[in-house]
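Written out below as C-alpha cells is the structure these notes cover.
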Amino acid sequence: MSSSTAPATASAAPRTRTTRTPGTTGTPGRSDVVIVGAGIIGLAHAFEALSRGLSVTVVDRDRQPVGASVRNFGHCCISAQDGELLALAQRSRPGWLRAAEATGIWAAEAGTLVVARSATEAAVLEELRAERGGDAVELRTAAQTAALLGRADADAGDLVGGALLPADLRVNPREAAPGLARWVADQPGGQVLWGTAVTGVEPGTVHTTRGSVHGDRILICVGHDLDYLFPDVAEDHEVQRCRLTMARAEAPAGFRTDSAVLTATSMLRYDAFATRPSAARLREEVLGHSRELLDIGANVMFARLPDGTVLVGDSHHYDATTPPFIDERTHELLTAAIARVLGVERLRIVERWQGVYAGSSRGPLLVRDLAPGVRAVTVTSGIGMTLSFGLAAATFDGTLAATA
Ligand SMILES: Cc1cc2nc3c(=O)[nH]c(=O)nc-3n(C[C@H](O)[C@H](O)[C@H](O)COP(=O)(O)OP(=O)(O)OC[C@H]3O[C@@H](n4cnc5c(N)ncnc54)[C@H](O)[C@@H]3O)c2cc1C
C-alpha cells in the first residue's frame with residue numbers, strides 16, 4: 001500500500017483484545033476474510049464468503065447497522081439499470097433470494113410499478129418494452145394502475161397507464177442488514193465485531209480501536225465514509241456524500257401492493273428509462289410542470305413495508321460533508337407529489353430522516369485494490385441494495401474489475 005493511502009493512525013493501534021465486550025459478538029483473531037463495514041455491501045460479501053466455506057470477520061464501528069443500508073426504500077431496482085449495471089443487478093437477484101431463504105429476512109418478488117401520467121411518460125415505458133420485451137416490461141392500463149395504487153373506486157384520474165417490471169425485488173431495509181449480521185454471527189466461521197472502529201489497514205491486518213484483526217483478504221466496505229480511512233482514494237474517485245430527504249407515512253387504506261412505485265422523476269434518473277428516445281421530451285415536460293421537483297433532485301417514489309406503513313422520498317443534494325438539516329419545503333414537495341400519485345389529499349407522516357450515500361461524477365462503482373489482498377468496494381450511486389449480492393458474487397468469482 002502506498003504511504004498516501006495508509007492512515008496515519010495505523011501504527012498507534014492497541015494490541016489485540018481477546019475479551020468479549022458489550023454488544024460485541026466473537027473476539028478479534030484471524031479469518032480468511034475480514035470485512036470492514038456491516039452495511040449491505042459488507043454483509044452481502046460476508047454471506048457470499050461464508051456460503052463458499054470461507055471464515056469471515058465483519059468489523060463495524062457502530063453497534064447495529066445505521067448507515068445507508070437501513071435508510072433506503074429496500075428496492076432492488078434491477079430493471080431500471082442498463083448495460084453492465086443491469087448484468088450486475090441481475091446477478092444480485094438470486095443472491096438476495098438465497099440470503100432471504102437462509103436468514104429468514106423478507107424478500108418479495110413484487111416487482112416495480114412505474115406510473116405514467118402523460119402520453120410522454122407512457123411513450124418512455126412503451127419504448128422500454130420494445131427494447132426489453134413484454135415479459136420484462138408488462139404494460140398496464142390506467143384502470144389497472146389505479147387499482148394497483150389502491151385509489152378509491154380505482155379512480156384513474158390523471159393516470160394514462162403504467163408498467164410492471166416483474167424482475168425487481170423488495171426487501172425491508174429495517175431488517176435486511178440487521179438480519180444478515182445476526183446470521184453471519186451465528187455461523188461457525190462467522191463473527192461480527194460491533195462497536196469496533198477501524199483506524200488503519202495494511203496487508204493481512206486491520207487495526208481497530210479494540211486491537212488488530214487478521215485476515216488473508218481484507219474488504220473495505222465503508223460506503224460514503226471511505227474518505228475517513230483512505231482520503232486520497234476517495235478524492236481520486238471524487239466521492240461525495242449525497243443526502244436524501246426521507247419519511248415513513250401511514251399507507252392509505254387501499255394501497256396494499258408490495259411493488260415499489262416509480263414516477264416520471266424516477267424515469268429521468270435511471271438509465272433504462274433515461275436512455276429512451278422520448279426521455280429528452282419527458283425532461284422538458286417535467287421541467288414545465290414540476291420545476292421545483294427537479295431543483296431538489298427529486299426521485300418521487302414510494303414502497304410499502306410489511307407493517308403497512310410506506311417509505312416515501314426522495315431528494316438528492318451533494319456535498320463533501322453532510323449538513324444535518326432537513327429542509328421542510330423539500331419534505332413538503334415530496335410528500336405532496338406522492339399524495340397526488342396515490343390519489344389522497346395528504347399523507348400522515350410517522351417518521352422522518354436523512355439518508356446519506358456515496359455519490360461520484362466518476363462513475364457508479366469504486367472497486368480499488370489498495371494493497372495485496374486489500375480491496376475497497378463502494379457503490380458510488382444510489383443502487384447499493386440493488387447491486388450488493390451481484391458485487392459480492394463477482395468479488396469471490398474474481399470477475400469484478402478493480403483499478404490498482
Ligand atoms: C435514502 C436512500 C434511498 C436509497 N434507495 C435505494 C434503493 O431504492 N435501491 C438501492 O439499490 N439503493 C438505494 N440506496 C443506496 C443504498 O442504500 C446504498 O448504496 C447502500 O446501502 C450502501 O451500502 P454500504 O454497505 O456501502 O454502506 P452503509 O450501509 O452506509 O454501511 C457502511 C458501514 O461501514 C461502517 N463503517 C464506516 N467506517 C468505518 C470504520 N472506520 N470502521 C468500522 N466501520 C466503519 C459504518 O458504521 C456502516 O455500518 C438508497 C440510499 C439512501 C440513503
Side-chain angles (χ1 to χ4, degrees), residues 7 9 34-46 57-78 80-81 85 88-89 92 96 112 168-171 173 176-178 180-181 192-201 206-210 213 219-230 234 239 241-248 260-262 266 269-270 299 301-303 311-317 322 334 352-359 364-366 376-392:
T9 48
V34 178
I35 296 174
V36 185
I40 199 60
I41 302 301
L43 292 167
H45 279 84
T57 298
V58 179
V59 186
D60 200 289
R61 65 184 174 200
D62 275 308
R63 288 173 187 274
Q64 64 181 57
V66 289
S69 303
V70 299
R71 302 184 191 200
N72 59 57
F73 292 97
H75 180 210
C76 301
C77 183
I78 299 161
Q81 311 307 320
L85 291 182
L88 210 45
S92 202
W96 267 111
T112 300
D168 294 3
L169 300 177
R170 284 289 323 291
V171 300
L180 276 161
V192 181
L193 306 177
W194 296 111
T196 304
V198 169
T199 54
V201 181
V206 170
H207 300 286
T208 84
T209 43
R210 296 183 189 276
V213 184
L219 296 167
I220 314 294
C221 305
V222 293
H224 52 272
D225 285 341
L226 187 69
D227 60 344
Y228 294 162
L229 272 177
F230 298 101
V239 176
R241 287 176 172 79
C242 177
R243 64 193 152 94
L244 306 88
T245 299
M246 293 288 288
R248 193 162 62 88
V261 181
L262 300 183
S266 323
R269 297 191 68 89
Y270 293 115
N299 171 3
M301 66 171 286
F302 48 101
L311 299 167
V312 301
D314 60 15
S315 56
H316 296 78
H317 292 97
T322 312
L334 291 167
R352 300 190 208 184
W353 63 98
Q354 176 170 258
V356 182
Y357 67 65
L365 289 179
L366 184 158
V377 183
T378 285
V379 177
T380 48
S381 172
I383 51 175
M385 296 295 276
T386 306
L387 300 184
S388 48
F389 283 90
L391 282 170

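One-based numbering, in listed order, for ligands and for the atoms of each.
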- Under 4.0 Å to a heavy atom of Gly37 - the qualifying atoms of ligand 1, by number: 33 (C), 34 (O), 35 (C)
- Given His75, which of Leu169, Leu311, Thr386, Leu262 fulfils the side-chain contact (heavy atoms from CB on, under 4.5 Å) condition? Leu262
- Task: Drop me the distance from His45's NE2 to Ser388's OG, to the nearest 0.5 angstrom.
- Result: 9.5 Å
- Query: What part of Asp60 sits under 4.0 Å from ligand 1 if we count only heavy atoms: the side chain, the backbone, both or neither?
  - Reply: both
- Note on the structure: Tested for side-chain contact (heavy atoms from CB on, under 4.5 Å) against Tyr357, the lone hit among Asn72, Val379, Leu244 is Leu244
- Note on the structure: So for Val66 against ligand 1, with non-hydrogen atoms under 4.0 Å, the contacting part is neither
- Item | Nearest-contact summary for atom 39 (C) of ligand 1 - protein heavy atom, Å | Val222 CG1, 3.6 Å
- Considering the heavy atoms of Gly355, write down every atom of ligand 1 situated less than 4.0 Å from one of them. 53 (C)
- Task: Can you pull out the closest protein heavy atom to atom 5 (N) of ligand 1? Residue, atom name and distance to 0.1 Å, please.
- Result: Asn72 CB, 3.4 Å
- How many angstroms lie between atom CG of Leu229 and atom OG1 of Thr199, to the nearest 0.5 angstrom? 8.0 Å
- Query: With distance as the sole test, does Trp96 use its side chain to make a donor-acceptor pair with the main-chain N or O of Met385 at under 3.5 Å?
  - Reply: yes
- Message: Just so I know, are the side chains of Val59 and Val34 near enough to count as touching, which here means a heavy-atom distance under 4.5 Å?
- Response: yes
- Query: Taking non-hydrogen atoms only, is Cys77 closer than 4.0 angstrom to ligand 1 via side chain, backbone, both or neither?
  - Reply: neither
- Task: May I ask you to identify the nearest protein heavy atom to atom 31 (O) of ligand 1, giving residue, atom name and distance to one decimal place in Å?
- Result: Gly39 CA, 3.4 Å
- Message: Please compare Met385, Arg71, His75 and report which has the shortest non-hydrogen distance to atom 7 (C) of ligand 1.
- Response: His75
- Can you tell me the protein heavy atom closest to atom 29 (O) of ligand 1 and the distance? Ser69 OG, 2.5 Å
- Message: My understanding is that only residues two or more places apart in sequence, or in another chain, count here; which of them pass ring-ring contact (aromatic ring centres under 6.0 Å, His included) with Phe73?
- Response: none
- Note on the structure: Hits for salt bridge (Lys or Arg N to Asp or Glu O under 4.0 Å) against Arg170, two or more places apart or cross-chain, chain-then-number order -> none
- Note on the structure: Distance col, row Tyr270:OH vs Cys77:SG, nearest 0.5 angstrom, shows 4.0 Å
- Would you kindly specify which portion of Thr199 sits under 4.0 Å from ligand 1, judged on non-hydrogen atoms: side chain, backbone, both or neither? neither
- Would you mind listing which atoms of ligand 1 come within a distance below 4.0 Å of any non-hydrogen atom of Thr386? 9 (N), 10 (C), 11 (O)
- Item | Any Tyr357 heavy atom less than 4.0 Å to ligand 1 | yes
- Query: So, does Arg71 use its side chain to make a donor-acceptor pair with the main chain of Val66 at under 3.5 Å?
  - Reply: yes
- If you scan protein heavy atoms around atom 44 (N) of ligand 1, the nearest is Arg61 N, 3.1 Å
- Message: Nearest non-hydrogen contact with atom 41 (N) of ligand 1 belongs to which option: Asn299, Val198, Leu43, Val377?
- Response: Val198
- Item | Nearest protein heavy atom with distance in Å, relative to atom 27 (O) of ligand 1 | Gly223 CA, 3.9 Å
- Query: When you look for heavy atoms under 4.0 Å from ligand 1, do you find them on the side chain of Met246, its backbone, both, or neither?
  - Reply: side chain
- Heavy-atom donor-acceptor pair, Thr245 side chain to Asp314 backbone, under 3.5 Å: no
- Query: In the protein, which heavy atom is nearest to atom 30 (O) of ligand 1, and how far is it?
  - Reply: Ala68 N, 3.1 Å
- Task: Answer yes or no for Gly313: is there a heavy-atom contact with ligand 1 below 4.0 Å?
- Result: no
- Item | Under 4.0 Å to a heavy atom of Thr196 - the qualifying atoms of ligand 1, by number | 43 (C)
- Message: Quick one: does any side-chain atom of Arg241 pair with a main-chain N or O of His224 as donor and acceptor, under 3.5 Å?
- Response: yes
- Item | Atoms in ligand 1 flagged as close to Ala197, the criterion being non-hydrogen separation under 4.0 Å | 42 (N)
- Given Thr378, Val36, Leu262, Ile41, which has its nearest heavy atom closest to atom 24 (P) of ligand 1? Ile41
- Query: Does an N or O from Gly382, backbone or side chain, lie closer than 3.5 Å to an N or O of ligand 1?
  - Reply: yes
- Query: Near Asp62, which atoms of ligand 1 are under 4.0 Å from a heavy atom of that residue?
  - Reply: 47 (O)
- Message: If we only consider heavy atoms of Cys221, is any one of them less than 4.0 Å away from an atom in ligand 1?
- Response: yes
- Message: I'd like to know if the side chain of Asp168 and the backbone of Ile78 have a donor-acceptor N/O pair within less than 3.5 Å.
- Response: yes
- First locate atom CG of Asp225, then atom CZ of Phe230, and finally report the distance between them rounded to the nearest 0.5 Å. 13.0 Å
- Any donor and acceptor pair, going by atom type alone, linking the side chain of Thr209 with main-chain N or O of Thr196 inside 3.5 Å? no
- Atoms in ligand 1 with a heavy atom of Val356 nearer than 4.0 Å: 53 (C)
